[in-house]
There are 2 protein chains.
Amino acid sequence: MNALFKALNDPTRREILELLKDKDMTAGDIADKFSISKPSISHHLDLLRQAGLVVSVKEGQFIYYSINTTVMDEMLKWIMQFKSSQKNK
Amino acid sequence: MNALFKALNDPTRREILELLKDKDMTAGDIADKFSISKPSISHHLDLLRQAGLVVSVKEGQFIYYSINTTVMDEMLKWIMQFKSSQKNK
DNA sequence: TATATATTTAGACAAATATCTAAATATATT
DNA sequence: AATATATTTAGATATTTGTCTAAATATATA
């Protein structure tokens, strides 16, 4: 949970997820979408991976990143607890 | 959105929300639940308020805090966008 | 095998964050 | 009016975070 909230607490990382929502992308292609250095994007990708929000697969000299939404379930559940307890008031 | 993710990116603040889920509480009563100084808790409450996650009402010398879950809707929607696009694969 | 391309790792640095103590403000009580 | 209680504000400090450049690693190509 901590890693998850931490990963999402950055606009660049959230944008990366929105890119990956549509299609898998290589680290380089992702970096090209931002005006931030490649090492910085690499670091963002690392944090997203630590949170389980993305998965990486090496193909030759490229590394493909894809989104993994299953880890979001725990977070959704956590948020929903508040919504459902609010109902009974 | 930024303020919202920022506010939730801290275990203490998330715990405060869980306390307020059950009942409204004064700043002091909230602080007593943690081994952190009152000024620090006051600061956490301020960040929660900035995000719209809590509302405060002054009653005499006390300040009551209550949770507001409506701002979570935007976040839920943001997360759900990923879940629903995942479905079509 | 030498060079080019893709990506990460290492190390530095400025900005943001969580925490503290001390002081300020506001209300209640004696 | 003086004192006690509840809370915040101010200012300081250590840690974390986002970013950078330079270097390292790994694969592809000439």
Side-chain angles (χ1 to χ4, degrees), chain A residues 1-20 22-68 71 75 78, chain B residues 1-20 22-68 71 75 78:
Chain A
M1 277 288 266
N2 237 312
L4 196 55
F5 277 111
K6 177 175 163 178
L8 294 179
N9 185 33
D10 181 275
T12 301
R13 290 194 289 270
R14 291 199 296 272
E15 248 186 274
I16 291 175
L17 289 180
E18 293 183 3
L19 287 173
L20 294 178
D22 303 324
K23 57 184 178 311
D24 296 351
M25 291 174 75
T26 66
D29 285 347
I30 294 169
D32 287 345
K33 298 282 186 177
F34 299 89
S35 48
I36 297 178
S37 73
K38 281 178 211 294
S40 294
I41 294 291
S42 183
H43 181 234
H44 283 307
L45 288 169
D46 190 42
L47 290 177
L48 288 170
R49 185 147 32 75
Q50 278 176 43
L53 284 163
V54 303
V55 168
S56 65
V57 173
K58 188 162 195 170
E59 266 179 44
Q61 69 199 132
F62 299 93
I63 299 182
Y64 278 87
Y65 282 86
S66 24
I67 197 169
N68 170 34
V71 292
M75 197 172 174
W78 187 82
Chain B
M1 278 287 268
N2 236 311
L4 196 54
F5 277 111
K6 178 175 162 177
L8 294 178
N9 184 33
D10 182 277
T12 301
R13 289 195 289 271
R14 291 198 297 272
E15 247 187 275
I16 290 175
L17 289 179
E18 294 183 3
L19 287 172
L20 294 178
D22 302 324
K23 58 184 177 312
D24 296 352
M25 291 174 75
T26 66
D29 285 347
I30 294 169
D32 288 345
K33 298 281 187 178
F34 299 89
S35 47
I36 296 177
S37 73
K38 280 177 212 293
S40 294
I41 294 293
S42 182
H43 179 235
H44 283 306
L45 288 170
D46 190 42
L47 290 177
L48 288 170
R49 184 147 31 76
Q50 279 176 43
L53 284 163
V54 303
V55 169
S56 65
V57 173
K58 189 161 194 171
E59 267 179 45
Q61 71 200 129
F62 298 93
I63 299 182
Y64 279 87
Y65 281 87
S66 23
I67 198 169
N68 170 33
V71 292
M75 197 173 174
W78 187 83

Could you list all N or O pairs between the protein and nucleotides 12-17 of chain C that sit under 3.5 Å apart?
unit_1: C:dT17; atom_1: OP1; unit_2: B:Lys6; atom_2: NZ; d: 3.4
unit_1: C:dT17; atom_1: OP2; unit_2: B:Lys6; atom_2: NZ; d: 3.2

Open item on the list: Side chain of B:Ile63 only, heavy atoms from C-beta on: which candidate in D:dT8, C:dT7, D:dA6 is closest?
Closed with: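 Nucleotide nearest to B:Ile63's side chain: D:dT8.
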Open item on the list: Quick test of your reading: applying salt bridge (Lys or Arg N to Asp or Glu O under 4.0 Å), list the pairs with at least one residue in residues 33-42 of chain A, sequence neighbours left out, ordered by first then second residue.
Closed with: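 Listed once each, the pairs are A:Asp32-A:Lys38.
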- [ ] Hey, could you give me each pair passing salt bridge (Lys or Arg N to Asp or Glu O under 4.0 Å) that has a residue in residues 50-67 of chain A? Not counting sequence neighbours.
- [x]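 Counting only pairs at least two positions apart or across chains, no salt bridge (Lys or Arg N to Asp or Glu O under 4.0 Å) contact touches residues 50-67 of chain A.
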TODO: Please determine, for C:dT27, whether a Watson-Crick or G-U wobble partner exists with both distances under 3.5 Å, and give it or none.
DONE: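 Pairing partner, where one exists within any strand: D:dA4.
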At a cut-off of 3.5 Å, list every protein nitrogen or oxygen paired with a nitrogen or oxygen from nucleotides 21-26 of chain C, distance to 0.1 Å.
none

Rounded interatomic separation in angstrom, taking [atom1] from [X] and [atom2] from [N]:
| X | N | atom1 | atom2 | result |
| --- | --- | --- | --- | --- |
| B:His44 | D:dT9 | NE2 | C1' | 16 Å |
| B:Arg49 | D:dT7 | CZ | C1' | 11 Å |
| B:Phe34 | C:dC20 | CZ | P | 12 Å |
| A:Asp32 | C:dT5 | CG | P | 14 Å |
| A:Leu45 | D:dT19 | CG | P | 12 Å |
| A:Glu59 | D:dT27 | CD | C1' | 13 Å |
| B:Ile41 | D:dA6 | CD1 | P | 16 Å |
| A:Gln50 | D:dT16 | CD | P | 14 Å |

Task: Set of side chain to side chain donor-acceptor pair (under 3.5 Å) partners for B:Arg14, sequence neighbours left out - done: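 Side chain to side chain donor-acceptor pair (under 3.5 Å) check on B:Arg14 returns nothing, list empty.
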Task: side chain to side chain donor-acceptor pair (under 3.5 Å) involving B:Glu18 - partner list, sequence neighbours excluded - done: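 Side chain to side chain donor-acceptor pair (under 3.5 Å) check on B:Glu18 returns A:Trp78.
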Taking distance alone, no hydrogens or angles, what donor-acceptor pairs closer than 3.5 Å link side-chain atoms of residues 3-13 of chain A to residues at least two apart or in another chain?
unit_1: A:Asn9; atom_1: OD1; unit_2: B:Lys6; atom_2: N; d: 3.3
unit_1: A:Asp10; atom_1: OD1; unit_2: A:Thr12; atom_2: N; d: 2.9
unit_1: A:Asp10; atom_1: OD1; unit_2: A:Arg13; atom_2: N; d: 3.1
unit_1: A:Arg13; atom_1: NE; unit_2: A:Ala7; atom_2: O; d: 2.7
unit_1: A:Arg13; atom_1: NH1; unit_2: A:His44; atom_2: ND1; d: 3.0
unit_1: A:Arg13; atom_1: NH2; unit_2: A:Lys6; atom_2: O; d: 3.0

Open item on the list: A:Gln50: which residues meet the side chain to side chain contact (heavy atoms under 4.5 Å, CB included) condition with it, sequence neighbours left out?
Closed with: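 Once residues adjacent in sequence are excluded, the partners of A:Gln50 under the side chain to side chain contact (heavy atoms under 4.5 Å, CB included) criterion are A:Asp46, A:Leu47.
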- [ ] May I ask you to verify if any side-chain N or O of A:Thr26 is less than 4.0 angstrom from the OP1 or OP2 atom of C:dA6?
- [x]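 So the side chain of A:Thr26 is outside the cut-off, no N or O lying under 4.0 Å from OP1 or OP2 of C:dA6.
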Open item on the list: Any side-chain to backbone donor/acceptor pair from B:Asn68 onto B:Gly52? Under 3.5 Å, distance only.
Closed with: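 Yes, because the side chain of B:Asn68 sits within donor-acceptor range (under 3.5 Å) of the backbone of B:Gly52.
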Task: Touch class at under 4.0 angstrom, heavy-atom based, for A:Tyr65 against every strand present - done: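 Sugar-phosphate contact only - A:Tyr65 comes under 4.0 Å of backbone atoms but never of a base.
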Task: Residue list, ring pair (Phe, Tyr, Trp, His ring centres under 6.0 Å) with B:Tyr65, at least two apart or on another chain - done: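 Residues passing ring pair (Phe, Tyr, Trp, His ring centres under 6.0 Å) with B:Tyr65: none at all.
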